[in-house]
Every structure is written in C-alpha cells, then in structure tokens.
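Everything below concerns the one structure shown next.
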Amino acid sequence: MTDTARRSFLKRLGQGAVGSMTLPVFSTTLNDHWQTIGLNATDNETEEYWHLVKSQFNLAEGLHYFNNASLGASSTHIQQATNHFRSTLDGFPSKYMWGAWEEEKERVREKTANLFSVTTEEIALIHNTTEGMNLIARSFDLQPGDEVILADHEHASGRIPWEVWQEKKGIKLVRPELPIRPKSVAELATIYENAITPKTKIISMCHMVNTNGMILPVQEVSKMAHEKGILVAVDGAQTAGMFTINLKELGCDFYTASSHKWLFSPKGVGVFYARKESQHYLKPLMVARGHTDKSIRRLENYNTRNLPEVLGLGAAIDFHNTIGASRIHRRSFELKAYFRSKLAGNPKLIIKSPALDALSAAIQVVEVKGKDVKNVKQKLWEDYGIDCRPMTSHNLNALRLSFAIHITKKDIDYLVKALNALAA
C-alpha cells in the first residue's frame, strides 16, 4: 500500500469513530486501535469494560436493541474495514474480484476454522444459513420411504428446503414435538432417539431454536446417530458467536450459520462446515468454471460475489477474538442469569426459555401474563424505544429478547422496568 493510499485509509477509519474517540494517528490496523482503547484487556470483565464494548456500536439514537437474534449490527470499525475493501474493489474492480484477494480470503477461512476448532479444508464461506440448509437438503439422493427427522421448532429456512427438495420425492419428514421448557439435556436427546427408525437417513436440527432460545443436544444426537449410520445437519444461525463452539466435539456432519447475527459481520455472509468424512455427499447449488475442484471451495464457486463482505467477516472475527471468545461466552450466560434474577419476583412475567445453562443462553423469551404479545411489543417500541421480536408459535405468546455483547446490565434494568410497567 502506498503512503497516499495508507493516509487515505487512515482518514476513512478516523471519520467513523464512535463518540469522542478517534483512531490514533499512526494506527494502521483495527487491532492497533482496539488495543489502544483497552478492548483486548484480558483481565477486565467489569461493567465499565462492557460499556466500552457497547461504545463500539453506533445504534440509532434512542434505540434499545434486544433483537440480535433477528439481525446483528456491525460495530463501527467492522463497517469501516468493510468500506475500505469496497473502496479498494471499486478502485480496480477486475483485479480484486478475480485473484488479488485470494490470500486475504483464505485468511478469513483460516480465522473462521480456528473459531470453530476445525480445519480450513472443512469451511466454505457462503451467504447465509438458508443457503447452507438448501445446499444440504438438495445434495442427497434419498429414496421414497427414507426418513429425515426435523423437530417441530425448526426455522422455516431449515424446514422448507427439506420439504421442497426431498418430501416431494416421497421422503418422509418425521416431526417430533419438543417441550418448551425441558428439565434436562437427556429429556431432549431421548425424543430424538425415539424418533429414529431403520429408515432414518438424516437428522436435521437447530443448535439453538429461534422460537424460545432452547439449545438442542447436538453432541448427544450426533453420537447416537452415527452409531446407526445416520448423518446430522445443524442450523447454527443462533449460536455462532454467542458462545464457544468446538464443531469437532459437537460431532455433527454439517453446520451452517449466518455470521451477521452474533458475529456482527456484514450482512449476506455465512459459514458452512462439512467434516472431511462427509463432504463427498455434498453437491454445489451453483456450478461455474472451476466446478471440478474437489475441495470444499467448490461449494462457494459463485464467480462474481461481494468479496468486501467476505473480508469484512475477517474483521468481525478479529473483533470477536479481540474481546475474547471465552469472555463473550461467560458474558452471554452472565446476562441471562442477571435478567432472569430481575424477573424472579413478578408472577406476571413468565419466562418460557429453559433454565439450565446447558439448555439456553443469551436468548430468553418472556410472556406478559394476560397480554397479547404483539400489543406488548408495540408498546415497548412506542413508549420505551425497545426493539424485540414477538413469538406466537408453539403457544408462546412471548417476547424474544436477545442479549448481545453491546447489551449492558443497565440496559437490562431499563428493559425490566418497562416490562414491569406493562405487566402492571
């Protein structure tokens, strides 16, 4: 990079700094800036630290955002990094679209693989969870009478691909019902075990359901499935970035997630994992020149794509790693516990997420007794500037509340005060 280009880059980075903070004059990377302001202080888990994390996001004035499970916000500096890549691409389009960023893209793959404790040859960089679930569901040459297990809490993007690509061919979709508030991991695992028959070929399941934030027993199900020669595909849209995930330990064959939720990447970027032993089952959704590639990269062979967003995912993982995956993991469960403790004394506020940490984390759903959830959601927005998601399926009638890392305990206090007022 020339001196002129470097100065231009630094100028762009400085223009978008949050609040009164500005990037150091001689900083050349986002990591330098994050180190300077103390974001990577390894021994700091005070509320002041989390207010610093919050300051890295530039949410609309007056907005109290508890809707991260729908869509996350990129931090200001992830935005700036992505915009730099966009500017670079538009400065020399043909160079950077086809070839010049190959090494940079591979570094993003490596960062992603490290985040999930797998190898680079098991990670494809796709667009979102929906694409990943379609890729899986369309790949298999299942025969009439074969069975695929999909529990009743699957997201539409995890269910519809199986309906379109397999059910119409005569494949049976088995839909076991899950309890809203299970008491143990074993209770859920037993439901999957009882749904398995000699005709079961694949189990497709969420890692965390989007309805009430319930964590499903992927590790336990994968173990029992593999003992019977059954493959396991996982929709990880609500877990990637929320807490630490070791995909080797989970044991599933496939895992796909949108990185624009809990990893705060640019929108339209996703992660696809296929363990080495199971990759031969997969067929690309799109084919173009280079379709004979035997590596997992054949699944992302789009020819022209939005590479600045892909490289922006690398900046998002840098942001995640700077704060620390283990620290984010602990914070997710800390905010869950804090929120639940604040609601404990009000019988009109009914938590409809499982209590155990093994069964839920930074998504909690709450019913305001006697109130229609859509009306409650509207009142929260109009009177308090709180954005969240109303959930009406499975008789929930409850607000889905997301506690991302930009949420502080002060934010939760404000939320609980609003809920108490509406319950009264």
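The chain is numbered in sequence order, starting from 1.
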Residue pairs fulfilling salt bridge (Lys or Arg N to Asp or Glu O under 4.0 Å) with at least one residue in residues 381-396, sequence neighbours excluded = Lys377-Asp387, Lys379-Asp383

Do the side chains of [Y] and [X] get nearer than 4.5 Å, heavy atoms only?
| X | Y | answer |
| --- | --- | --- |
| Leu150 | Val174 | no |
| His127 | Val269 | no |
| Met286 | Asn301 | no |
| Tyr192 | Met205 | yes |
| Arg400 | Ile363 | yes |
| Asp413 | Lys342 | yes |
| Thr82 | Leu311 | no |
| Met208 | Met214 | no |

May I ask you to say whether [X] pairs ionically with [Y], meaning some side-chain N is under 4.0 Å from a carboxylate O?
| X | Y | result |
| --- | --- | --- |
| Lys410 | Glu47 | no |
| Arg275 | Asp253 | yes |
| Lys348 | Glu367 | no |
| Arg331 | Glu45 | no |

Name the orientation class of the two ring planes belonging to Phe92 and Tyr96 (parallel below 30°, tilted from 30 to 60°, perpendicular beyond 60°).
-> perpendicular

[X] and [Y] aromatic centres sub-6.0 Å:
| X | Y | result |
| --- | --- | --- |
| Phe264 | Phe57 | yes |
| Phe66 | His406 | no |
| Tyr281 | Phe140 | yes |

Check: Ala274 main-chain N/O paired with Ser278 side-chain donor or acceptor under 3.5 Å | no

Between [X] and [Y], is any side-chain donor less than 3.5 angstrom from a side-chain acceptor?
| X | Y | value |
| --- | --- | --- |
| Thr256 | Thr129 | no |
| Gln364 | Ser360 | yes |
| Ser157 | Thr130 | yes |

Does NZ or CZ of Arg327 fall inside the cone over Tyr49's six-membered ring, less than 6.0 Å from its centre and within 45° of the axis?
-> yes

Only one of Arg297, Lys105, Glu106 forms a side-chain contact (heavy atoms from CB on, under 4.5 Å) with Leu125, so which one is it?
-> Lys105

Only one of Ile123, Ile245, Asn246 clears side-chain contact (heavy atoms from CB on, under 4.5 Å) with Val118; which?
-> Ile123

Going through the distances and angles, do Glu104 and Arg107 end up as a salt bridge (charged side-chain N to carboxylate O under 4.0 Å, His left out)?
-> CA-CA 5 Å; Glu104 286 80 358; Arg107 282 200 290 271; 3.8 Å; yes

Could you list the residues that satisfy ring pair (Phe, Tyr, Trp, His ring centres under 6.0 Å) with Tyr65, not counting sequence neighbours?
-> none

Are there more than 12 heavy atoms of other residues, nucleotides or ligands under 6.0 Å from atom CG of Asn194?
-> yes

Could you walk me through whether Thr244 and His329 pass the side chain to side chain donor-acceptor pair (under 3.5 Å) test, one step at a time?
-> CA-CA 6 Å; Thr244 55; His329 179 105; 3.1 Å; yes

Taking all non-hydrogen atoms of both residues into account, name the closest pair between [X] and [Y] and its distance.
| X | Y | result |
| --- | --- | --- |
| Arg305 | Ile126 | NH2-O, 3.4 Å |
| Thr322 | Trp34 | OG1-CE3, 3.4 Å |
| Cys252 | Val234 | CB-CG2, 3.6 Å |

For a ring-ring contact (aromatic ring centres under 6.0 Å, His included) with His64, tell me which candidate from Tyr384, Tyr414, Phe403 qualifies.
-> Tyr414

Side-chain donor-acceptor distances from residues 177-184 under 3.5 Å, at least two apart:
from   : atom 1 : to     : atom 2 : distance (Å)
Arg181 : NH1    : Ile351 : O      : 2.7
Ser184 : OG     : Glu187 : N      : 3.1

